[in-house]
Amino acid sequence: MKTVASICPYCGCGCRLLFMVENNKILKMAPDKSDEPSEGMACIKGLTIHETVGNNDGRILKPLIRMDKDEQFKEASWDEAYHFIHERTRDLAPSEVFINASGKITNEDCYITQKFARIAYKTNNIDACCARLCHVTTVQGLENCFGSRAAFSKMNDVYSVDCLFIIGSNPASNYPVLHYRILKAKRRGMKVVSSQAVYNVTAKFSDVSLLIYPGTELILLNGIMNALIHQGAYDKSVETVEGFDRLKHVLELYSIDFVRQACGVELEQLNQLIEHIANSKSLGIIHGMGLTQHATGSENVHALLNLMILKNAQLLSLRGEINVQGVGDMGCLPDRLPTGPLATAPLLEDKWKTNVPIGKGKTIVEAFLISPPKAAFISGMNAAQSLPNLNVVHKNLRNMFVVVLDHYFNLTTKFADVVLPTPLLIEREGTITNGERRVRLVRKVADVCGNCKPEWQVFKEFSTLFGCAEYFNYKEPRDITREIVNVVPAYRQIDVASVYGGADAWAEKRMFFRRFMPEHFEGVEDIRSDKYPLILTSFRSQHHFLTGEMTNRSKTLMSFREGPFCYLSPLDAERLSISNGEVVEVSSSVGNITCEAQIDNSIPKGIVGMHFHFEKLLVNKLFPTQFDEKTFTPNYKMTAVGIRKVPL
Ligand code: SF4
C-alpha cells in the first residue's frame, strides 16, 4: 500500500490529505499532520473520500453520444465524440456557444478551457459556475474597495483577532477546518458574534447571535457602522479614505431602533453585538453565501467591506468549492481575461500570438435562464440542479446542444447530447488555488476511470478540428502552469518547479487602495402573500457538498439522513397541522415540489429551510429568476412559499 499526499476535492479550505492506495484503489484516508492550512486535521467529508471513489456506480467511464435527446446514449470513441461535436457546432456564431469551467478542476484545466473558448469558438461566453453562483459579488466588491480580486487574510489570522463577526455563514458546514480554528481561538478568549437567518451551529456557540430576517443584512451592517461612528469606535485614520463623508451621511438613517425593527431582533442583543464589535481592538470578519446570494448581494458585500475598512479588520473570506478562487483568476469569466479586464486584450494577444474576442460574454445565468445559446459545454457543473428557476433551465437545456464533461451521471447528463468522462480532481495533476489564494499541488492519487481525460487534454485534442492546435501544444500540466505564470499577473511570482516539488506558493494578496462604497437599503417589498406566507431559504449540510454527486455516494455521510427534507419551525408546523415526517407540497410563484417535513427548533417562525444537495429535492425549482443585477449571482436565500400537507 502506498500513501499519496494530495488535495481534498471539496471545499475552499483546500486541505492536503493522505490517500492510502493499493492496486489503484483508495483504501483509507487520513489527515496530513504536516499540512499548514488544515493544521493536520480534516473533516468527515474529506475522511470518507475512499467510500465515494470506491463506489463506481454512476461514474461516467466512456464518451457517449446520441443523435436525439429522446434516444439512448451510445458509446463512442473520443475521436467520434470530437467529430460529432465539431459537426454540430462548427457553423455557430461566437454568441451561439457557451462554455463553463468549474471550481472542481485544476487551474491548468480552467486556463485551457477559457483559452479554447476564446481561440476556437472566438467567444467570451465563458463563465465559472461556482464563482458566479456564490462569490463573484465578493470578488467584485474587493476589487471596488481595494483594487484586489482576493481577500488578504489567511486562515491562521483567526488567532490574531480578539473578536470574530460571522455574518451569513456557517463555517461548521462550509469550511470545517476553519471552524476548528475558530473553536480553538474561542477557547483562548476570542469573542464570537454572529448574525444569520437560522439558528445554526455558528449561532449556538456565538457569544451573541442575532437571527435576522433574510434580506436585511445591509440594514444590520449599516446600523452597526452608524453606531460605531457615533461612539467613535473606529480607526480614525480612515477619515481620509475616499467615501468616508458619504458613508457617514448614508449611515445616518440607520438608527438602532430602525435596525431592530427592520431586522426583527431584540434591542439588548443588538446592543451587545455592537458593543463587542466596538470594543474590539482587532476584529475579524467571516461572511458567506447568506450575504452574497441575494438580489442585493453586491450592496451587502460593499457594506461588509465598509465595516472592514472602518475597523481596520481582517476579512477571512473563503470559497465554497476547492478552486473557486483559481477558476476566476484563470479568466474563466465573461468580462475578465487571464491578463485582467477585457481592456487588457492586446496584452493577452501578445502572449497568445492570436486575436481574442472583444465585448463581454454571457454569464451562466444569462446562458441558461435569459438568452440561451444554441450549444453549451457544461464542465463540472450540475446546471439542471444548481441554477434557480429550474423549470425554465430544463426547458432551455432541452432546446440546446449540450456537451457535458463530468465524473458522474447527474440530472444535467439527462439533457446532454454528448457526455465526456473526466477525472476527479484527485485523478489529475496540476494546481489549485484555495480560498486564501494559496497555490497548491494536486497529485494524481489513482486512476479509477481509465478512459477519462482532463479538460486540458480534451480541448487540446479537440483543437485540431478547429485548426488551432498550435495554441495548445502542451505535453503535461506543468507546461500550462508555466504559461499561467507568464500570463496571469497575480501568479507572476510563483516558482513552478517549487510548486511541483510540493511547496505551496501564494498568488498576489495586495491591497492597492482603500475606498468606501456606501450603500443604501433601497427597500425590498414584503414578498409574502396569503398564498405564499413563508420565506424559503437554502443552506448547506456539514455532511454533503454542492449537488451531492460525490457525498451522496458515501455510506457514512448518507447515514446522517439529512434529506431530502424541508425544515420548518414548531410554531408553523402546529399552525399548519403538519407532523414530523409527513409529506408536504411546497410551492412558490415558479414551481412546486413535494418532500418530507421535519420540525426543527433551529428554524425561526415564518421560515422554511432546505438543503440543495439532493436530486430528489429540487429546491431550486422554487427560486425565481432573481439575481444581483451587478454580478448575476442568484438569490437563493429568500423567496415566498406556501406549504400544504399532501393528502394520503
Ligand atoms: Fe476537505 Fe474542506 Fe473538509 Fe478540508 S475542510 S477535509 S478541504 S471538505
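In this chain, residues are counted from 1 in sequence order. In each ligand, atom 1 is the first atom listed, and ligand 1 is the first ligand listed.
- A 4.5 Å side-chain heavy-atom check between Glu143 and Gln140 finds at least one atom pair inside the cut-off.
- Here Cys11 reaches atom 2 (Fe) of ligand 1: one of its N/O/S atoms is less than 2.8 Å from the metal.
- Remark: distances from the non-hydrogen atoms of Pro176 to ligand 1 include one below 4.0 Å.
- Those atoms of ligand 1 with a heavy atom of Gly14 less than 4.0 angstrom away are 7 (S).
- Annotation: atom 6 (S) of ligand 1 to nearest protein heavy atom, Cys43 N, 3.6 Å.
- Atoms of ligand 1 lying under 4.0 Å from any heavy atom of Cys15, numbered from 1 in the order shown and given with element: 4 (Fe), 5 (S), 6 (S), 7 (S).
- Asp329 is not listed as a side-chain neighbour of Asn107, based on a closest heavy-atom distance of 4.5 Å or more.
- Between Cys11 and Cys8 the SG-SG gap reaches or exceeds 2.5 angstrom.
- Heavy atoms of Cys8 found under 4.0 angstrom from ligand 1 belong exclusively to the side chain.
- Of all atoms in ligand 1, numbered sequentially from 1 with element shown, those under 4.0 Å from a heavy atom of Tyr10 are 8 (S).
- Exactly one of Glu108, Gln457, Arg482, Glu483 qualifies for a side chain to side chain donor-acceptor pair (under 3.5 Å) with Tyr474. That residue is Glu483.
- Lys154 forms a cation-pi arrangement with Trp506, by the criterion of a distance under 6.0 Å to the ring centre and an angle within 45° of the ring axis.
- Under a cutoff of 6.0 Å and an axis angle of 45°, Arg540 and Phe612 do not form a cation-pi pair.
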